[in-house]
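Beneath this line is the structure, given in structure tokens, with notes to follow.
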Amino acid sequence: MLKKMRLGELFTTKEQTFSIYKLNGLLALWLFFAYNLPFLNKVWDGVGDKSVGVIILIIGVAIYLLLLNLLLILCANIRPVFKPFIILTFFISTILLYSNSTGKQYNPWAFEMSQWLAGTGRFLTLNFALHFIFLFLLPSVVLSIINIKYDTTKRHIIKTLAAIGLVSLSLFSIHQLTQDKIRPYYHSMRSALVDVIPMHFVDSSIKYVQHQYFEPVHSFAILDNAPYLIDKNVHTTVVLIVGQSIRADAFTKDNLLSFEQHAGQESPLSACDTYAESSIQCMFSFLSLAEFNDKQATHQQNVLDILALSGVNIFWLSHHESCGDLCKRANVSERRLKCKNKQCYDHDLINTLLVDVLHNAINPKAPNLVIIQTQNIGSPLYSRFYPNEFSTRVPECNTLLVANCNNGELINSYRNAVDYMKFVLAQAISRIEQFHVSYPITNTSLMFTAKYGESLGEKGLYFHGSPKAVAPSEQLLVPLLIVDNNLPSDCLSMLNGKLSHDFVSHTLLGYFHTRSKTYSPEFDIGYLCKSQAIEKAMLY
């Protein structure tokens, strides 16, 4: 009994009593240091040169994260729910932190519980046990036994609202002061936002609930429930490489001499939009550029759905980007590049994942589509996404504070990135040709295009993301490169440059001879080229 009393006294002494406001600050610090350091580490690794200005800006980002955590905690400053809410936050944050580190990132827009739980053995490890004990269990026990001192209800409400107002004003002020300098960071580090824990979880979940339950309901449109391959024994393997921030004038006939031996053809292509999510959704949609909108596209079948239904094997290769909604219904084999303790580049993607898929995963006697999503050209810190040996044009811009670089440095970095992209494509073509030598009965081809272009100072604009209605041609014209020995050598030139992302879906259907209600031959590059070649031959 005495032992129990002493134990009870230990947890009720004055030293274990905290005012709610002091505890708010301590908890904000805990959330910051326990769960947000991986994000700050990615930011630190991704900023390029560590100048004084960059370091100050990163400190500003850290303060902003700390204030965000404090704002979240203040919003839960209600006596009956405070401790349960914080303990639940500990639990969710621990699961998210560990899941992110093992490659199972939370994305409510493409969240499937069965897929997320696949490979649950990753939770049966010492690493997870340590995460669970030190990041959830111990802090939860400590919080549960702490006595919290509250003011009177009225004073508590007034102080909490005042604190929320002050923190919100501080966040707004930091945003206003740094938004111009932070914008390049945001463009470059968007994929790291999943590591802003728990705020990314809160923000994504709120947006998802709003989209799912408070926006107009769109019924899903089945465009074709029974597509099929005309030739069941088609031996075709197509590799589609999708880049980003690549202007059409970066891939002209004058600078594509290295591809001539591979029967490569180039043409400018009109992109759907100037930012990634919308443009790639449109590229695989059956909606035209003029009628495309994101909501309608996500509520109807896309070309991956049709190809998968018809029997085409589809592979999606990338560094860390999931194909998300694009692959939600189709049977797509996703593979991501894993690099430990080193910087991964796009040629690693080609020489590991593509080689493995071509020689170990696909059936050369079956129809296969391999989609590769590159990280080059990464805007705005172009130099981060190519190896040092491609730094042939100097001086370069090696900092995300691009305002500190002159236009010549920025353009040098961009041209170096373009040269590296051509090297990557040459590697891919070589790997495909090696595959064809091993399996000569298989028809092989490569298509390369980009999601959007890039401005490099024309009309005072830089990078991409301008509203489509006013976007300059540099952001909307992207290259199209096709390497296919079965096409006429002047195929793309015969089409007079009137190509757009509208052609991608129908050209893919044409490659596999897919009979579908969605197929329009007037948008199939292969069909148009062969038809014109026949007409041309008949004239002679």
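When a residue number appears, it is its place in the shown sequence, counting from 1.
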Keeping [X] on the side-chain end and [Y] on the backbone end, is there a donor-acceptor pair under 3.5 Å?
| X | Y | answer |
| --- | --- | --- |
| S413 | C397 | yes |
| S505 | S285 | yes |
| N36 | I197 | yes |
| D502 | L289 | yes |
| D348 | Y345 | yes |
| T236 | T444 | no |
| T274 | S466 | yes |
| E409 | N406 | yes |
| H347 | A428 | no |
| Q265 | C491 | yes |

Are side-chain N/O atoms of [X] and [Y] paired as donor and acceptor at under 3.5 Å?
| X | Y | result |
| --- | --- | --- |
| S245 | E454 | yes |
| H319 | D346 | yes |
| D325 | T298 | no |
| N443 | Y511 | no |
| S383 | E396 | no |
| T514 | S516 | no |

Output the distance between atom CZ (F448) and atom CD1 (I246), rounded to the nearest 0.5 Å.
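Reported value, rounded in 0.5 Å steps: 3.5 Å.
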How are the rings of [X] and [Y] set to each other: parallel, tilted or perpendicular (split at 30° and 60°)?
| X | Y | result |
| --- | --- | --- |
| Y386 | Y420 | tilted |
| H506 | Y519 | tilted |
| F423 | F390 | tilted |

Disulfide (SG to SG under 2.5 Å): pairs with one or both residues in residues 274-315, sequence neighbours excluded
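Found C272-C282.
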Just one of [options] clears the side chain to side chain contact (heavy atoms under 4.5 Å, CB included) bar with [X], so which one?
| X | options | answer |
| --- | --- | --- |
| T442 | V234, N368, T237 | T237 |
| I429 | E433, R431, Q427 | E433 |
| F284 | I306, L240, L307 | L240 |

Would you say [X] has more than 12 foreign heavy atoms packed within less than 6.0 Å of its [atom1]?
| X | atom1 | answer |
| --- | --- | --- |
| R329 | CZ | yes |
| F172 | CZ | no |
| N486 | CG | yes |

Identify the residue among E291, Q296, K295 that makes a side chain to side chain donor-acceptor pair (under 3.5 Å) with N293.
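Looking at E291, Q296, K295, the match for N293 under the side chain to side chain donor-acceptor pair (under 3.5 Å) is Q296.
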Taking the six-membered ring of Y275, is NZ or CZ of K451 closer than 6.0 Å to its centre and within 45° of its axis?
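No, a cation-pi geometry is absent between K451 and Y275.
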Given D356 and R335, is the salt bridge (charged side-chain N to carboxylate O under 4.0 Å, His left out) satisfied, shown in steps?
CA-CA 10 Å; D356 180 61; R335 304 186 178 208; 3.1 Å; yes
Are the aromatic ring centres of Y452 and H464 under 6.0 angstrom apart?
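So the answer is yes for these two rings.
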Which heavy atom of C529 sits nearest a heavy atom of L492, and at what distance?
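So the two residues come closest at SG-N, 4.3 Å.
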For R393, check side-chain contact (heavy atoms from CB on, under 4.5 Å) against everything at least two apart and list the hits.
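Partners of R393 under the side-chain contact (heavy atoms from CB on, under 4.5 Å) test: N412, R415, N416, D419.
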If you define the side chain from C-beta out and look only at heavy atoms, does anything of [X] sit under 4.5 Å from [Y]?
| X | Y | answer |
| --- | --- | --- |
| L177 | H175 | no |
| F523 | S288 | no |
| P488 | D490 | yes |

Could you pull out every donor-acceptor pair under 3.5 Å between side chains of residues 369-378 and any protein atom, sequence neighbours left out?
| unit_1 | atom_1 | unit_2 | atom_2 | d |
| --- | --- | --- | --- | --- |
| T374 | OG1 | N376 | O | 2.7 |
| Q375 | NE2 | C344 | O | 2.8 |
| N376 | ND2 | A417 | O | 3.0 |

